[in-house]
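As structure tokens, the structure follows; a few thoughts come after it.
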Amino acid sequence: MRRFHGLNRSFNTAMTDNMNETGKHGVDGTVIVAGGGIVGRTVALALASQSHLKVTLLSGPPPAPDERASAVAASGRRMMIRLGVWPLIADVAQPMEEMVLTDSRADDTVRPQVLHVAGEPGADAFAHMVPNGALLKALTARCAEARMVERADSAVIYEEGATSLDCRLGSGERLTANVLVAADGRDSRLREIAGITVVSKSYDQCGIVGTITHSEPHYATATQHFLPNGPFAMLPLVDQHSSIVWTERPAFARSLVAMDPGLASLEIERVFGMSLGRLCVEPPLQTYPLGAMLARSYHAGRLVLAGDAAHVIHPLAGQGLNLGLRDAAALAQCLVEAHRNGEDLALALPRYEKWRRADTVQMALVTDRLNAIFSQQSDLLRAVRSVGLGFVDRLEGLKSVFVGEAAGTEGEVPRLMRGEAL
């Protein structure tokens, strides 16, 4: 007898009881990936190109235009090379070789540098800035070439049995699989259907994103000003372009994106300064509310969460997409290993959660605390922060750790992110 979202017995007990049946009939090795964004397509491509698993990608409706760019860590770049994606975006990928942090008041004309981080001389860049739209387009092209089925459809509901689940699509069609990957974003419908609850926090802030041209070169340097209303990051793109990620009050953010581009450019110059010369907005600017969210569990029965469906963090560290890519690499590795061992694929899901949870929780807490600390409008706190960051700036060992975190090389790195085959 089937039921929705799980088994009547405890999941692990049921899986153990069914191992004899699995051994007799073999593991089907079928995975449905719900979500046509960057993380969903990365999971599907990794499984389809690196294993004998049968993959169906439910890409859903076409995504809305995305003016953001993301800092793809060195580990993410290695994975994209292995998956054949990087050659399609190499010409728009800008190496990020240095980071500069300042801490000041909004009206300060001079912003003293409190932390400077650079990669090792002669080493590859610790990150590359890539427009989100270009990365998604490249992943879409590679998915079309890979051994998978893609449907422009969405999962509406699913029903679990002992060794598989049935998924009903928006078109009314039904699909059967061993595992359903929910990579359907922060407002994940599948997460809600599965009964997975979340811990969330809404910041009284909005993110402003867009592309800026400037008259002076950026020298592959990312600059982040910590300001009282939130951080302002200027991130290098190719051809004397940069991507802005500006955290501000919601009312101000809405007024800025509605401004004439020329006036918006002057406002950005006022806040950022003239270190890159004259700035010019390339419309449109976009704004979105900022918040943090962590799922209480990353799996329920045969459903597993990845990317924003599992976690959302403040963008000040630029690590949101990299967390999702690490999810994709770790989940693909766990599923492939389970399949090769002749296990039910659902047995891979607790291993995946154990691998990924500590990393995401730690990053969520760090970004939350940094945002709180640097948003305090106090000259005393600013002086304390500057002394602390100045101390870090003089310790090469600590800065090496920061570079390692930015490059995604710290901790247990999945094989794909080491550039290795699954």
Side-chain angles (χ1 to χ4, degrees), residues 69-71 73-74 94-120 125-129 203 205 207-209 212 214 216-237 242-248 268-276 279 290 313-320 322 362-363 365-408 410:
S70 296
Q94 169 62 49
M96 187 189 300
E97 298 173 354
E98 299 183 50
M99 292 188 295
V100 172
L101 276 65
T102 75
D103 184 16
S104 59
R105 291 181 292 264
D107 56 354
D108 285 349
T109 56
V110 177
R111 294 196 169 95
Q113 175 181 305
V114 293
L115 183 63
H116 174 258
V117 179
E120 296 294 329
F126 54 79
H128 283 72
M129 287 301 302
Y203 300 112
Q205 297 171 320
I208 304 165
V209 296
I212 306 294
H214 36 81
E216 298 296 328
H218 50 55
Y219 299 109
T221 299
T223 302
Q224 180 148 285
H225 296 318
F226 282 104
L227 303 173
N229 292 327
F232 184 115
M234 188 74 78
L235 308 169
L237 298 175
S242 288
S243 173
I244 65 165
V245 182
W246 184 4
T247 299
E248 258 291 354
I268 292 170
E269 280 184 3
R270 179 187 68 80
V271 175
F272 180 74
M274 300 296 292
S275 59
L276 293 177
L279 307 180
L290 298 183
I313 65 172
H314 197 285
L316 67 85
Q319 290 299 304
N322 288 307
Q362 177 180 315
M363 186 59 69
L365 291 175
V366 167
T367 53
D368 179 75
R369 288 297 85 205
L370 283 175
N371 182 60
I373 291 169
F374 280 93
S375 295
Q376 297 293 323
Q377 301 188 41
S378 162
D379 288 341
L380 176 59
L381 279 176
R382 187 176 300 110
V384 172
R385 294 192 302 253
S386 296
V387 169
L389 287 173
F391 176 71
V392 172
D393 195 42
R394 292 189 293 272
L395 293 179
E396 292 303 321
L398 275 178
K399 290 205 289 184
S400 295
V401 172
F402 289 168
V403 171
E405 287 289 348
E410 296 298 308

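Numbering starts at 1 and runs along the sequence shown. Just so it is clear, the values below take in all heavy atoms, side chains as well, and ignore hydrogens, waters and symmetry mates.
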* Partners of His218 by side-chain hydrogen bond (donor to acceptor under 3.5 Å, both in side chains), sequence neighbours excluded? -> none
* **Distance-minimising heavy-atom pair for Leu237 and Ser242** => CD1-C, 3.8 Å
* **Sequence-distant partners of Thr247, side-chain hydrogen bond (donor to acceptor under 3.5 Å, both in side chains), two or more places apart** => none
* Which residues pass the side-chain hydrogen bond (donor to acceptor under 3.5 Å, both in side chains) test with Ser243, sequence neighbours left out? -> none
* **Under the side-chain hydrogen bond (donor to acceptor under 3.5 Å, both in side chains) test, residues paired with His314 that sit two or more places apart** => Gln205, Asn371
* To do: Identify, with sequence neighbours excluded, every residue that meets salt bridge (charged side-chain N to carboxylate O under 4.0 Å, His left out) alongside Glu269.
  => Arg278
* Structure fact -> All heavy atoms of Ala220 vs all of Gln94, minimum pair found to be CB-NE2, 3.7 Å
* State, to 0.1 Å, how close Ala73 and Asn322 come at their nearest heavy-atom pair, and which atoms those are. => N-OD1, 3.0 Å
* **Pairwise distance OG1(Thr223) to CE(Met234) - rounded to 0.5 angstrom** => 8.0 Å
* Structure fact -> By side chain to side chain contact (heavy atoms under 4.5 Å, CB included), Ala222 pairs with (sequence neighbours left out) Met96, Met99, Leu235, Pro236
* Should Thr367 and Gln319 be marked as a side chain to side chain contact (heavy atoms under 4.5 Å, CB included) after you check the CA-CA gap, both sets of side-chain angles, and the distance that decides it? -> CA-CA 9 Å; Thr367 53; Gln319 290 299 304; over 6 Å; no
* **Side-chain donor/acceptor of Gln224 to backbone N/O of Leu316, under 3.5 Å** => yes
* Residue pair Trp246 / Val271, side-chain heavy-atom distance below 4.5 Å -> yes
* Can you tell me how far NE2 of His214 sits from CG of Leu279, rounded to the nearest 0.5 angstrom? -> 7.5 Å
* Would you mind reporting whether Ile208 and Phe232 have side-chain heavy atoms less than 4.5 Å apart? => no
